[in-house]
Trainee: 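One structure coming up, written as structure tokens, with questions to follow.
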Amino acid sequence: MAAKKTVAKKKTVGTKFPAKTPAAIKKQEAEARRKASDREVQLAQIDGQFGNNMAFDRDRIISETKFFIGIISQSILEVGSRLLRLKEHLPHGEFQPALEEIGIHPREARRMMQATAKFTGTKAQLASLGKTKLLELMVEDDEELEALADGGTIAGLSLDDVDRMSAGDLRKNLRKERQKREKEAETNERLLDDKNKKIDELAKELNNGPVIPTWPKLAESVSVETTQAAGRILLACDQLEALQDHILNGDYEGMTDDEAEHATEFMAVGYGEALIQAHTRIGELMDMYQESLSGYTESYEERKANISDNK
């Protein structure tokens, strides 16, 4: 019986890849050169179309981009200042046709005018931050913006921090800081309420029963509660102001102009109804005050004036 031949196995290169023939290697190298050549042609087209055929320089392009962002922001403020003058000088009903003649949507015109009114004086240097960041900062208090422009911080961020971060990150930080302030205000109010309750409970225990407050204590208690209630109203007013800005400057991306206009109208109607209800209720309280308490205010002012005259 003839011996069985042993067939040698093909060797492999490395642990996974079979040996390649010279022809396969040449084909792979040619494909790599073709892709590199195509990429060079693509970059040359980009540089020719958008770079005036200047060689690519990362640092120079970043510097130029920041420069032109500043120009855009300054242009927005310049446009806003002119729109404000048009609005004030033109008779009623003529501002809208003027916007149509310019070719600007009323919503965009409102945003530019608000930005101009907000970023004046010492805050003007914040214009270099760019349009989107300016609009994010518009809801912040003037005092905080002035502090930021003068080298301070806002939401724990310096001007350099705001300049480096994206508009989305800035929005998140500002929103987080506003929520933190609201939570702190609620916590302080709750602690004050708890403190007053404990004082009342202790007073009852010490006097073996309900305490009839003398007028100074009653006056102090009512004064504290009045201040707390007014503080809640002022906080609500700040929240309503922020909501109004959100209606005017919210993210309408992905909507057509008609859809954005309808959305704005819907929110404006609900917002207006809420303001009318609040205004009506405040008006009722003012009427009640005028009828029943304003006389005490007048007598207090007279007594204070007499004491001052007798000194």
Trainee: Does the side chain of Glu291 come within less than 4.5 Å of Met288's, by heavy atoms?
Mentor: no
Trainee: Search all heavy atoms of Leu248 against all heavy atoms of Arg107 and return the closest pair with its distance.
Mentor: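 Closest heavy-atom pair between Leu248 and Arg107: O-CG, 3.9 Å.
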Trainee: Could you tell me the separation between the CD atom of Glu100 and the CD1 atom of Ile102, rounded to the nearest 0.5 Å?
Mentor: 10.5 Å
Trainee: Distance check, rounded to the nearest 0.5 Å: Arg281 atom CZ versus Met286 atom CE?
Mentor: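 Here the rounded value is 13.0 Å.
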Trainee: How about Glu108 and Ile104: do any of their side-chain heavy atoms sit closer than 4.5 Å?
Mentor: yes
Trainee: If every non-hydrogen atom of Leu90 is compared with every non-hydrogen atom of Glu94, which pair is closest and at what distance?
Mentor: CD1-O, 3.7 Å
Trainee: Counting C-beta onward and ignoring hydrogens, is there a side-chain heavy-atom pair between Ile276 and His279 closer than 4.5 Å?
Mentor: no
Trainee: Indicate yes or no: at least one non-hydrogen side-chain atom of His105 is less than 4.5 angstrom from one of Glu261.
Mentor: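 Touching, per the 4.5 Å side-chain cut-off.
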Trainee: Test of understanding: with salt bridge (charged side-chain N to carboxylate O under 4.0 Å, His left out), list the residues that count as partners of Glu31, not counting sequence neighbours.
Mentor: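 Arg34.
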Trainee: Could you measure the distance from the CD1 atom of Ile233 to the CD1 atom of Ile282? Nearest 0.5 Å is fine.
Mentor: 4.5 Å
Trainee: Check whether Ser37 reaches the backbone of Arg33 with its side chain - one donor and one acceptor, N or O, closer than 3.5 Å.
Mentor: no
Trainee: Which heavy-atom pair separates Met113 from Gly80 by the least distance, and what is that distance?
Mentor: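 Distance-wise, the nearest heavy atoms are CG-O, 3.8 Å.
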Trainee: Heavy atoms only: give me the nearest Pro106-Leu99 pair and the separation to one decimal.
Mentor: CA-CD1, 3.9 Å
Trainee: Give a yes or no on whether the backbone of Leu240 and the side-chain of Tyr271 come within a donor-acceptor separation of less than 3.5 Å.
Mentor: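 Yes, Tyr271 side chain to Leu240 backbone: donor-acceptor pair under 3.5 Å.
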Trainee: Can you tell if the side chain of Asp245 reaches within under 4.5 Å of the side chain of Glu241, non-hydrogen atoms only?
Mentor: no
Trainee: Considering only Ile, Leu, Val, Met, Phe, Trp and Tyr, and joining two whenever side-chain heavy atoms are under 4.5 Å apart, list the other residues clustered with Tyr296.
Mentor: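 Tyr289, Leu293, listed by chain and number.
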Trainee: Does a sphere of radius 6.0 Å around CD in Glu265 hold more than 12 heavy atoms from other residues, nucleotides or ligands, not counting ones at 6.0 Å or beyond?
Mentor: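 Atom CD in Glu265 is crowded, with more than 12 foreign heavy atoms closer than 6.0 Å.
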Trainee: More than 12 non-hydrogen atoms from neighbouring residues, nucleotides or ligands closer than 6.0 Å to CZ on Arg85, yes or no?
Mentor: no
Trainee: Just how far is it from atom CD of Gln244 to atom CD of Gln239, taken to the nearest 0.5 Å?
Mentor: 14.5 Å
Trainee: Any idea which heavy atoms bring Leu83 and Phe95 closest together, and the distance?
Mentor: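 It is O-CE1, 3.6 Å.
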